[in-house]
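Each chain gets a letter, A, B and so on, in the order the sequences are listed, and its residues count up from 1.
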2 protein chains.
Amino acid sequence: MARATGAKPAGSVTSHDIARLAQVSQATVSRVLRDDPKVRPATRERVLKVLAETRYEPNAAARAFRAGRADSIGVVVARLSYQLYPAMLEAIGAQLARLGRRMIVWDSDHGGDAPAIRALRQGVVDGVILTAATSESEFLREVPAEGSAVVLLNRIVADYASDQVSSDNLDGGRRVAEYLVACGRKRIALIGGIPRASTIRDREQGFRKALDRLGVGLPPHYYFRSENFTHASGEQAVTRLMELASPPDAIFCVNDVLAMGAMDGARGRGARVPDDLWIVGYDDIEIASWGAYDLTTVRQPMEQMVGQAIDLLLARIDAREAPVTHKCLANELVIRGSTGRQSPPAAAAPKKARR
Amino acid sequence: MARATGAKPAGSVTSHDIARLAQVSQATVSRVLRDDPKVRPATRERVLKVLAETRYEPNAAARAFRAGRADSIGVVVARLSYQLYPAMLEAIGAQLARLGRRMIVWDSDHGGDAPAIRALRQGVVDGVILTAATSESEFLREVPAEGSAVVLLNRIVADYASDQVSSDNLDGGRRVAEYLVACGRKRIALIGGIPRASTIRDREQGFRKALDRLGVGLPPHYYFRSENFTHASGEQAVTRLMELASPPDAIFCVNDVLAMGAMDGARGRGARVPDDLWIVGYDDIEIASWGAYDLTTVRQPMEQMVGQAIDLLLARIDAREAPVTHKCLANELVIRGSTGRQSPPAAAAPKKARR
DNA sequence: ACGACGAATGTATACGTAGTCATCATGCCG
DNA sequence: CGGCATGATGACTACGTATACATTCGTCGT
């Protein structure tokens with residue numbers, strides 16, 4: 001009675017068609033497709049031949065429906081225009097492709113994590129990698145932590161019971177502070193941002209604490225909080241800082257684009273980098289190594305972070321109730337021309353000192 | 001007899017459960033979900049209440065299975081590390097989100113278009129936007145042109161019967177040539193690339209033809225073919241060009257990253273841009289406007305191109321057999337500091353002259 | 001007030017796949 | 001040579017949804 005009306009994908013050959021053509025049952029076709037060993041070679045050949053001839057492709061919806069999984073992973077990134085995210089996506093996509101999974105991407109600028117969480121609950125994706133939460137609390141109420149296949153990448157939310165992977169941003173901030181002080185910088189400034197994200201908060205905090213510990217400190221007028229994390233913000237911030245009676249001789253920017261903005265802004269006002277002003281960024285995006293900026297920055301072990309995030313996510317999909325893991329990887333200070341390519345004097349920054 | 005084994009998404013509430021709780025039939029629940037007007041307000045309320053209480057989410061696989069569409073669109077981009085592509089993805093993602101579609105992303109570096117085409121044939125996605133074909137012929141044999149829901153964005157394959165959207169790369173190249181000549185540049189060079197993609201070919205060809213027509217021409221030693229389209233290639237290319245007995249006084253690079261590499265390379269060898277050398281890029285990626293480069297370049301109407309591509313794709317999904325469309329949008333020369341911010345003398349480049 | 005018509009709701013079904021179980025074929029050993 | 005174990009295959013079913021069709025309910029007109 002009921003007629004199907006749904007349009008099917010173009011080449012609508014089903015496993016039943018294959019079965020008929022190969023003179024076997026649909027079950028056997030399914031077995032061949034799933035590489036079940038219990039099929040006689042001759043039969044397998046016959047089926048494979050028909051499969052090839054008909055250019056059969058299994059219906060993904062039916063398969064997902066039956067199997068209860070989509071073989072897709074969702075990824076939420078912040079602003080795609082910030083180079084770190086494309087790099088991250090590229091790594092995630094490559095690794096997922098190798099594992100036979102697809103990648104559905106959302107930009108958190110357009111709706112935050114909600115669409116991704118929704119997709120997770122609908123089974124569109126088997127798991128979600130959240131690399132940014134517009135507002136941390138917003139998605140907390142969306143996802144009951146109950147064994148959800150969610151992993152936070154490059155973002156820590158302490159009171160949220162999901163797997164989390166990040167690099168040690170506190171330590172990254174510390175490294176920069178110790179480096180600048182060890183190299184004799186006297187007037188050190190910080191261009192930060194609205195601390196929506198833990199990463200930014202930690203970078204700033206690690207930096208400040210290290211400065212305090214080293215007896216340098218960060219006077220309020222050497223701190224500029226940018227509205228967003230754009231090049232224009234960096235320019236604006238550096239302009240303010242350079243207008244001070246005693247302008248800084250080194251600036252740490254909590255990400256590379258801010259740093260590049262600061263550098264362009266400083267140069268635009270006639271300052272020379274690094275002769276008059278040192279600038280340090282964070283993330284080591286691709287451009288940072290280009291001649292025009294040649295930016296000293298902190299590099300996060302992106303490939304490993306992505307690898308661990310994916311491992312954790314896939315493990316959780318198989319075992320929802322396993323205890324959650326928080327990974328925190330070490331990162332690396334990359335010294336380039338924006339700080340005169342100058343290495344810190346040996347033993348100046350004792351590695352053991354933390355916090 | 002047969003037992004279902006597939007793991008279901010966490011909150012496995014079905015429309016049948018809702019029906020039972022709301023004392024209606026499953027069909028009515030479905031009607032409420034699909035906003036069917038033929039439901040009495042009171043009934044609708046009752047169902048909606050239960051839906052909210054149970055935090056029900058429809059099973060996407062079942063829905064896709066039944067409806068015959070996935071509500072997802074596939075996008076193949078070339079290298080995510082080239083800033084044009086994240087920008088494009090951002091635009092595509094935003095527009096698709098507005099239309100209630102998801103975006104599955106593949107990087108053509110890892111498998112070309114094949115995975116996307118496969119996904120299309122399996123019904124994982126309803127349509128595919130191809131922004132790059134590793135090899136044009138490779139995917140031609142994969143997709144029978146038969147009303148496939150495929151649109152080429154920023155890529156033209158003349159003999160392939162699919163919808164295609166691009167900007168006029170021939171004209172872009174022409175504009176640059178005419179601009180440089182009109183501004184009195186005498187020794188004009190070109191940094192191109194391996195012409196796998198029509199875009200690159202057209203930019204080069206438009207440029208060359210215009211130079212020829214203007215009686216300037218492009219001598220072979222002023223042409224450098226880069227292996228890939230990276231910053232390093234640009235540096236390498238400019239180094240070669242500057243080693244010439246008579247180095248160029250202007251270089252057109254077929255994309256911005258090449259141009260930035262060329263600029264950094266030139267500066268590294270002591271040349272001043274624009275005083276000694278003009279440099280022009282193509283694409284107007286975000287960095288191009290930053291102080292360090294301030295690059296004159298050709299801007300493509302990205303938002304419109306994306307909009308048109310999506311429109312064409314969605315239209316085709318509904319009408320597979322409609323005649324194919326090729327759209328070619330005009331682009332714009334953005335003059336910045338890398339060419340001294342110098343406008344062409346009026347009437348120097350007659351707009352009508354083409355080819 | 002009764003019939004009739006339309007609105008609202010219920011019933012039943014198919015979509016394509018991957019399983020379970022049943023059945024059939026084959027080969028081996030007693 | 002027969003029976004049994006093992007391997008190969010077939011028959012059948014459920015998954016959750018959206019719809020066609022059937023049925024019931026409410027309302028309006030005469």
Side-chain angles (χ1 to χ4, degrees), chain A residues 1-47 51 54 56-71 121-124, chain B residues 1-48 50-51 54 56-71 121-124:
Chain A
M1 299 291 156
R3 312 300 315 279
T5 39
K8 298 143 214 161
S12 179
V13 182
T14 75
S15 56
H16 285 100
D17 298 329
I18 304 300
R20 189 164 25 75
L21 291 170
Q23 316 254 45
V24 296
S25 71
Q26 180 269 332
T28 297
V29 175
S30 182
R31 279 189 269 261
V32 171
L33 289 171
R34 304 225 342 133
D35 256 333
D36 191 316
K38 300 218 157 188
V39 178
R40 202 158 27 135
T43 312
R44 178 185 306 278
E45 283 312 314
R46 192 147 37 99
V47 173
L51 286 173
T54 53
Y56 167 84
E57 292 285 349
N59 178 315
R63 183 170 260 192
F65 179 32
R66 176 64 168 115
R69 66 202 154 67
D71 286 334
R121 303 194 65 227
Q122 298 188 342
V124 174
Chain B
M1 298 296 154
R3 313 299 315 282
T5 41
K8 299 145 216 157
S12 178
V13 182
T14 74
S15 57
H16 284 99
D17 298 330
I18 304 299
R20 190 164 23 76
L21 291 169
Q23 317 254 43
V24 296
S25 71
Q26 180 269 333
T28 297
V29 175
S30 183
R31 279 188 269 262
V32 170
L33 289 172
R34 304 226 342 134
D35 257 332
D36 190 317
K38 300 218 158 188
V39 179
R40 202 162 22 140
T43 312
R44 178 185 304 279
E45 283 311 314
R46 192 146 39 98
V47 173
L48 286 174
V50 176
L51 286 173
T54 54
Y56 167 84
E57 292 287 349
N59 180 315
R63 183 170 261 191
F65 178 32
R66 177 65 167 109
R69 66 200 156 70
D71 286 334
R121 304 194 65 229
Q122 298 188 342
V124 174

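Within residues 24-37 of chain A, the residues approaching DNA chain C are A:Gln26, A:Ala27, A:Ser30, A:Arg34, by heavy-atom distance under 4.0 Å.
With rounding to whole Å, A:Gln122 atom CD is found 10 Å from D:dT17 atom P. Atom C1' of nucleotide C:dC15 and atom CG of A:Asp17 are separated by 13 Å, given to the nearest angstrom. If you take CZ of A:Arg40 and P of D:dG10, they are 10 Å apart, rounded to a whole angstrom. For A:Ile18 and C:dG16, the CD1 to P distance is 13 Å, given to the nearest whole Å. Atom CZ in B:Arg46 sits roughly 11 Å away from atom C1' in C:dT9 (whole-Å rounding). B:His16 places its NE2 atom 12 Å from the C1' atom of C:dG10, with the value rounded to the nearest Å. Distance, B:Glu45 CD to C:dT9 P: 12 Å, rounded to whole Å.
Legend: side-chain hydrogen bond (donor to acceptor under 3.5 Å, both in side chains) pairs involving residues 23-39 of chain A, not counting sequence neighbours, sorted by first then second residue: A:Ser15-A:Gln26, A:Ser25-A:Thr28.
In the helix from C:dA1-D:dT30 to C:dG30-D:dC1, the terminal helix axes, each the rotation mapping four pairs' C1' atoms onto the next four within five end pairs, subtend 50°, rounded to 10°.
Each of A:Ala62 and B:Gln23 has a nearest nucleotide on DNA chain C; the 5'-most of these lies closest to B:Gln23.
Between D:dA14 and A:Arg66, no contact under 4.0 Å exists linking OP1 or OP2 to a side-chain N or O. Taking side-chain N and O atoms only, A:Ser15 has no distance below 4.0 Å to OP1 or OP2 of C:dG16. Between B:Arg63 and D:dG16 there is no side-chain polar atom (N or O) within less than 4.0 angstrom of OP1 or OP2. Residue B:Tyr56 places none of its side-chain N or O atoms closer than 4.0 Å to OP1 or OP2 of D:dG16. The side chain of B:Lys38 contributes an N or O atom lying less than 4.0 Å from OP1 or OP2 of C:dA7.
Legend: residues meeting side-chain contact (heavy atoms from CB on, under 4.5 Å) with B:Ala62, ordered by chain and number and at least two apart, are A:Phe65, B:Asn59. Considering only residues two or more places apart in sequence or on other chains, A:Leu33 meets the side-chain contact (heavy atoms from CB on, under 4.5 Å) condition with A:Val29, A:Leu51, A:Tyr56, A:Arg63. By the side chain to side chain donor-acceptor pair (under 3.5 Å) test, B:Arg20 is found to be paired with B:Asp17, residues two or more places apart in sequence or in another chain being considered. In this view, A:Asp71 and A:Arg69, A:Arg101, A:Arg102, A:Asp126 satisfy the side-chain contact (heavy atoms from CB on, under 4.5 Å) rule, not counting sequence neighbours.
No aromatic stack links A:Phe65 and the base of C:dT17, using centre distance under 5.5 Å and interplanar angle under 30°.
When all heavy atoms of A:Gly123 and A:Ala70 are compared, the pair lying nearest together is O-CB, 3.5 Å.
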